[in-house]
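Just so you know, residue 1 is the first one in the sequence shown, and it goes up from there. Only a predicted model underlies this, so the values are computations on that prediction, with no experimental measurement involved. Just so you know, ligand 1 is whichever comes first in the structure, and atom 1 is the first atom listed for that ligand.
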Amino acid sequence: MANDVRPKSLARIKTAAQAKKYIDAQVKEIQAQVGDGKVLLALSGGVDSSVCAALISKAIGKNLTCVHVNHGLLRKGEPEMVCKVFTKQFKTNLIYVDATDRFLNALKGVAEPEKKRKIIGKMFIDIFAEEALKLKDVAFLGQGTIYPDILESKDGIKAHHNVGGLPKNMRKFQLVEPVKFLYKDEVRVVGKALGLPESMVMRQPFPGPGLGVRCVGAITRDRLEAVRESDAILRAEFKKAGLEGKVWQYFTIVPDFKSTGIEKGKRTYAWPVVIRAINSVDATSATPVKLDWDLVQTITKKITTKVPGVNRVLWDVTPKPTGTIEWE
Ligand code: XMP
């Protein structure tokens, strides 16, 4: 990357006024770089790609096309929300690809976590490249690279897909990276100033392989649905309890073993759901959150009565280290 040092003149963005100034400058810069050209962007619905898409959309309108690949491992309601925000609010051209079957077929019987990650990552890029190469007159690629991605790649901590990770057939595109010198908190301030919904901008961290690393071992459709439904219940209860935005990350995991239970006088043999809620500063270490006992009981009741195939709830109280935040 030719220019990868944050300019000294760029003051830390904390307020809406500073964000507006940044947005105006970036809009001009994008317009100067792209002119009448067309930009394509992989929109995951995460904070970085969403803010990047909103900024480019503000600069060039319909000359931006976003591709939202649904790998079937997204949280409940997420693909719908991405499509709604970008087609209705920003009036962006959006190509929605439901690739659930392709991903789940490729993942069939694969239990090893790193293998699952590789399959998901590669298929994601392949599908995006297929869509990109279908469009003939696109010269630019928008990317939601942020400053920590650049720093971590430079220091060899993490080979980031946004930094130097484009497949060969995509390298003909010129990159448009309007948030590449921003830290995460600044990206959120800019996102808010652009009018993106709070739930999108303040989203808790979510892994690229999505619920795939929370459906432990070989993914099956029924167990994946148990992860998705229990996650939706957990998130709703956290919201009701006023914990949204106050806890760093909270989610559910469904391991691939069963235990005996009882329901309406009959024996059951079903999966447990594990709940995990942690606080962290930068994800390198984490502390379990001391949840209110009544909240834990409410969540347990809702999950065991509403999620098919589940008869038990466990609470993971392990800090990192020794446990990582995700189970895989
Ligand atoms: P761990 O589990 O390593 O997670 O303690 C640290 C943070 O990173 C997120 N995470 C991922 N993010 N791709 C991502 O984009 C991944 O493969 C991945 N694995 C973990 C995790 O949710 C936590 O916030």
To the nearest 0.1 Å, how far is atom 16 (C) of ligand 1 from its closest protein heavy atom, and which atom is that? Pro209 CD, 3.5 Å

Test of understanding: given a 4.0 Å heavy-atom threshold, classify the contact between Ala286 and ligand 1 as side chain, backbone, both, or neither. neither

Establish whether atom 14 (C) of ligand 1 and some protein heavy atom are separated by less than 4.0 angstrom. yes

Donor-acceptor check, side chain of Arg117 to backbone of Gly208, threshold 3.5 angstrom: yes or no? no

Among protein heavy atoms, which sits nearest to atom 11 (C) of ligand 1, and what does the distance come to when rounded to 0.1 Å? Pro207 CB, 3.5 Å

Give yes or no for whether the N/O distance cutoff of 3.5 Å, strictly under, is met between Gln249 and ligand 1. yes

Regarding ligand 1, does Lys320 bring an N or O atom to under 3.5 Å of one of the ligand's N or O atoms? yes

Heavy-atom nearest neighbour in the protein, as seen from atom 8 (O) of ligand 1, with distance rounded to 0.1 Å: Ala283 CB, 4.9 Å

Verdict with reasoning, Thr268 to Glu263, per side chain to side chain donor-acceptor pair (under 3.5 Å): CA-CA 7 Å; Thr268 60; Glu263 195 185 355; 5.8 Å; no

By number and element, which atoms of ligand 1 are closer than 4.0 Å to a non-hydrogen atom of Gly208? 12 (N), 13 (N), 14 (C), 15 (O)

Flag the pair Arg102 and Glu130 as a salt bridge only when some basic side-chain nitrogen lies within less than 4.0 angstrom of an acidic carboxylate oxygen. yes

Looking at Asp101 and Arg221, is there a salt bridge between them, counting it only when a charged N and a carboxylate O are closer than 4.0 Å? yes

Give the residue and atom name of whichever protein heavy atom lies nearest to atom 4 (O) of ligand 1, and the separation in Å to one decimal. Ile325 CB, 4.0 Å

Region of Pro205 engaging ligand 1 - heavy atom pairs below 4.0 Å: side chain

Polar side-chain atom of Arg235 near backbone of Tyr250 as donor-acceptor pair, under 3.5 Å: no

Considering only non-hydrogen protein atoms, determine which one is nearest to atom 19 (N) of ligand 1 and report residue, atom name and distance to 0.1 Å. Arg117 NH2, 2.9 Å

Mind checking whether Tyr183 and Tyr147 have parallel, tilted or perpendicular rings, split at 30° and 60°? perpendicular

To the nearest 0.5 Å, how far apart are NZ in Lys38 and CG in Asp137? 4.0 Å

Does the N or O separation between Glu326 and ligand 1 drop below 3.5 Å for any pair? yes

May I ask you to decide if Val213's main-chain N or O and Lys116's side chain share a donor-acceptor pair within less than 3.5 Å? no

